[in-house]
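Computed over heavy atoms, backbone and side chain alike; hydrogens, waters and symmetry mates excluded.
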Amino acid sequence: MKIFIGTILVLSALVANSLSATIDMPEIHTQSQLLGPAASFSKTRESNLIDPNALGKGKTGPEEEKSAQFWYDLAEEEILKRLEQPQIDTRKAKNIILFLGDGMSLSTVAAARIHKGQLKGNPGEEDGLSFEQFPYTGLSKTYCSNAQVADSACTATAYLCGVKTNIVALGITAAVNFNNCSGSEDPANQIPSIATWAQAAGKGSGIVTTTTLTHASPSGAYAHTTNRFFESDTDIVTYGEGQNFPESCTDIATQLITQAPGKNFDVMLGGGIGKFLPNTITDPFDKKGERSDGVNLLSRWQVQHPGGVLTYNRDQLLSVNASKITNLIGTFRSGVMSFHKMADPSEEPTLTEMTRKAIEVLSKNEKGYFVFIEGGLIDYGNHFNSPRYSLDETLELEKAVAEAQRLTNPEDTLIVVTSDHAHPLTIAGYPGRGTPILGLNQDDTDVNGVKYATLNYAVGLEQYLDEQGQRIDLSEKILEDDFIAPSYIPGKIGVHAGEDVGIFATGPQAHLFSGVMQQSTIPHLMAYAACIGDGITLCNKDNK
């Protein structure tokens, strides 16, 4: 994820902007946190809060897990185990919608549920999110092949490609070492995604995100790279550690526009226009493009899709007549889109609006579709230790899920909601019923008699200690919009957590998404329900 440039992150600096103004949020993760001890860094990387090139170094996994077949076999085993139970659903899924709440831990879900109820003036605990009403739930194991706690790349490879890989890697097996471009460019190491399986079956496909179109999560649907931070050719130079880049490596934006399955997507909506434009061009948001190769990938896409439409703001997107276009791209910021609470509603569409337009376009395909829809800024809010933002983003995701339900037929559309990884957010103490979830726990104190916040993080920016190392009274601070929740381990930014995350499913074959499963089994279950891909499916189960 992208980071605010600077030595520390101060969320108040963001909120100091008018809440009606849009902001460009650079990425959070840098390679050093995700890969291990950092070596030498460029100036660009030194300014990052987390250096991506330290994220996976020194981390190894079991040898047998370096084969894609290992995970395919494990997925089939988990599916067959579920098929041993009485099958209560014979319906085949025509459409598949996968919603991802990035960084949406179960504690985030619970806190958002309470927040939703309290916004209505109720105690809150009794409320529920749209996807919590789904009839089936399960748990997903989120570790990646060489890391106990995952990032958004190895997890995307799991829930979109059906194979667990190394941290930071996308669409390749764990046999490829970090920053080994020749390995990631070798087709023998590349893994097709469920988007590829859907396209092979003649279905429509697309991605929707509040991050960038080249961000780790959506990239799992189309990219094959040793390093999730290779979003543009310029990024390859920045994060390539002095190797022969970018000549030997294809950046993620180029893959999206020029290679299958990305070039065949019917819909692509999100942020990140800078990754597609040369640095000689000023984008619609008055920022220079990021590419050094002089290539305008959006112009190339337009040539390839003469019936396609490019949109850059909310009004343009909402005015698109889906029946009169072939393809649709929307890029609504130079980088990551703004938090919903900070976005200019006249410029940036909501996740619900992007979901609606994507379904309108994809529904034209008589054979159905697969679409990936991400609420990506839940993760950003948790990284910033700001539950005020992460919970609001979670509520935006649940609205988009409700809209998808409204627009689709439950008899032929499988909707799955899950997360890629957790965050160490806790709901702590014994607060009374209806205690403001964003406030202080009024019923408990620490050993010094000081009240503490209900929501806390393990690692983060603010410990709120006085000169003697004792906790200070937060009664006034916690009421501020830019309040950063307390953490007990100081860090430049919040981190991920390794516990299981939830899976919520409704529609054809939704009953299979129950129990505890490997995250990499999720796309195989979706493929089973829709009779796509080369594995066991509803249509061929008797012949397997």
Side-chain angles (χ1 to χ4, degrees), residues 82 85 87-91 93-140 159 208 210 340 350-356 358-359 363 370-376 378 387 390-420 422 425 427 433-434 437 499-517 519 522 525-526 529-530:
R82 284 162 172 75
Q85 304 300 315
Q87 296 305 293
I88 58 177
D89 190 356
T90 61
R91 297 172 299 173
K94 175 183 177 182
N95 310 311
I96 306 169
I97 304 177
L98 175 59
F99 281 95
L100 185 88
D102 196 308
M104 189 176 68
S105 61
L106 288 173
S107 59
T108 302
V109 172
R113 171 201 315 146
I114 296 170
H115 186 48
K116 178 182 179 182
Q118 292 181 348
L119 289 173
K120 300 175 182 176
N122 299 324
E125 296 84 1
E126 72 291 335
D127 216 304
L129 306 181
S130 59
F131 52 84
E132 289 186 296
Q133 313 308 313
F134 286 6
Y136 299 100
T137 59
L139 292 173
S140 165
Y159 63 74
V208 177
T210 50
H340 168 252
T350 65
L351 185 60
T352 295
E353 290 168 339
M354 291 193 289
T355 295
R356 182 187 312 127
I359 291 175
S363 295
F370 166 79
V371 63
F372 170 78
I373 303 173
E374 180 192 24
I378 301 169
S390 64
L391 301 190
D392 184 70
E393 293 297 321
T394 303
L395 295 184
E396 286 301 297
L397 176 71
E398 74 112 16
K399 292 175 187 175
V401 172
E403 181 71 354
Q405 286 186 278
R406 186 184 70 82
L407 294 172
T408 58
N409 184 346
E411 293 299 314
D412 66 12
T413 301
L414 171 64
I415 302 178
V416 178
V417 180
T418 190
S419 178
D420 49 354
L425 171 68
I427 307 174
R433 179 73 185 276
I437 193 64
E499 67 262 28
D500 297 350
V501 296
I503 309 170
F504 309 84
T506 187
Q509 305 301 312
H511 67 286
L512 298 176
F513 292 84
S514 58
V516 180
M517 70 186 73
Q519 191 171 51
I522 292 173
L525 284 172
M526 293 188 293

With [X] via side-chain contact (heavy atoms from CB on, under 4.5 Å) - residues at least two apart:
X    : result
L351 : V208, T210, M354, T355, I373, L397, A400
S514 : none
A402 : S130
L139 : L106, D500, V516

Notebook entry, point to check: Cut-off 3.5 Å, side chains only: do S105 and S107 have a donor facing an acceptor?
Noted result: yes
Check: Under 3.5 Å, is there a donor-acceptor pair between the H511 and Q85 side chains?
Finding: no
Ignoring hydrogens, what is the shortest heavy-atom contact between [X] and [Y]? Give both atom names and the distance.
X    : Y    : answer
S419 : L100 : C-CD1, 3.5 Å
A112 : L391 : N-CD2, 3.7 Å
G515 : R82  : C-NH2, 4.0 Å
M526 : Y159 : CE-O, 4.0 Å
A93  : L414 : CB-CB, 4.0 Å
A110 : I427 : CB-CD1, 4.0 Å

Look up atom [atom1] in [X] and atom [atom2] in [Y], then write down how far apart they are to the nearest 0.5 Å.
X    : Y    : atom1 : atom2 : result
Q519 : I503 : CD    : CD1   : 8.0 Å
F134 : I415 : CZ    : CD1   : 5.0 Å
T108 : L425 : OG1   : CG    : 5.0 Å

Note to self: Under the criterion salt bridge (Lys or Arg N to Asp or Glu O under 4.0 Å), I'd like the reasoning laid out for K116 against E398: C-alpha separation, chi angles, the key distance, then a yes or no.
What the structure shows: CA-CA 10 Å; K116 178 182 179 182; E398 74 112 16; 3.3 Å; yes
Just by distance, do the side chain of [X] and the backbone of [Y] share a donor-acceptor pair under 3.5 Å?
X    : Y    : value
D420 : G103 : yes
E499 : A422 : no
E374 : G101 : no

Next item on the list: Step by step, work out the salt bridge (Lys or Arg N to Asp or Glu O under 4.0 Å) result for R433 and E126.
Entry: CA-CA 10 Å; R433 179 73 185 276; E126 72 291 335; 2.7 Å; yes
Margin query: For F513, give me all partners under ring-ring contact (aromatic ring centres under 6.0 Å, His included), at least two apart in sequence or on another chain.
Written below: none
Next item on the list: Not counting sequence neighbours, which residues clear ring-ring contact (aromatic ring centres under 6.0 Å, His included) with F99? List them please.
Entry: none
With a 4.5 Å cut-off on side-chain heavy atoms, are [Y] and [X] touching?
X    : Y    : answer
L129 : L395 : yes
M104 : T394 : yes
I378 : D102 : no
V501 : T418 : yes

Checklist line | Intermediate values then yes/no, side chain to side chain contact (heavy atoms under 4.5 Å, CB included), I522 and M517 | finding: CA-CA 8 Å; I522 292 173; M517 70 186 73; 4.1 Å; yes
Item checked: Non-neighbouring partners of D89 that pass salt bridge (charged side-chain N to carboxylate O under 4.0 Å, His left out), sequence neighbours left out -> R91
Next item on the list: Could you list the residues that satisfy salt bridge (charged side-chain N to carboxylate O under 4.0 Å, His left out) with D127, not counting sequence neighbours?
Entry: K120
Using the test side-chain hydrogen bond (donor to acceptor under 3.5 Å, both in side chains), find all partners of [X] that sit at least two apart in sequence or belong to another chain.
X    : value
T506 : none
E403 : R356, R406
N122 : none
T413 : N95

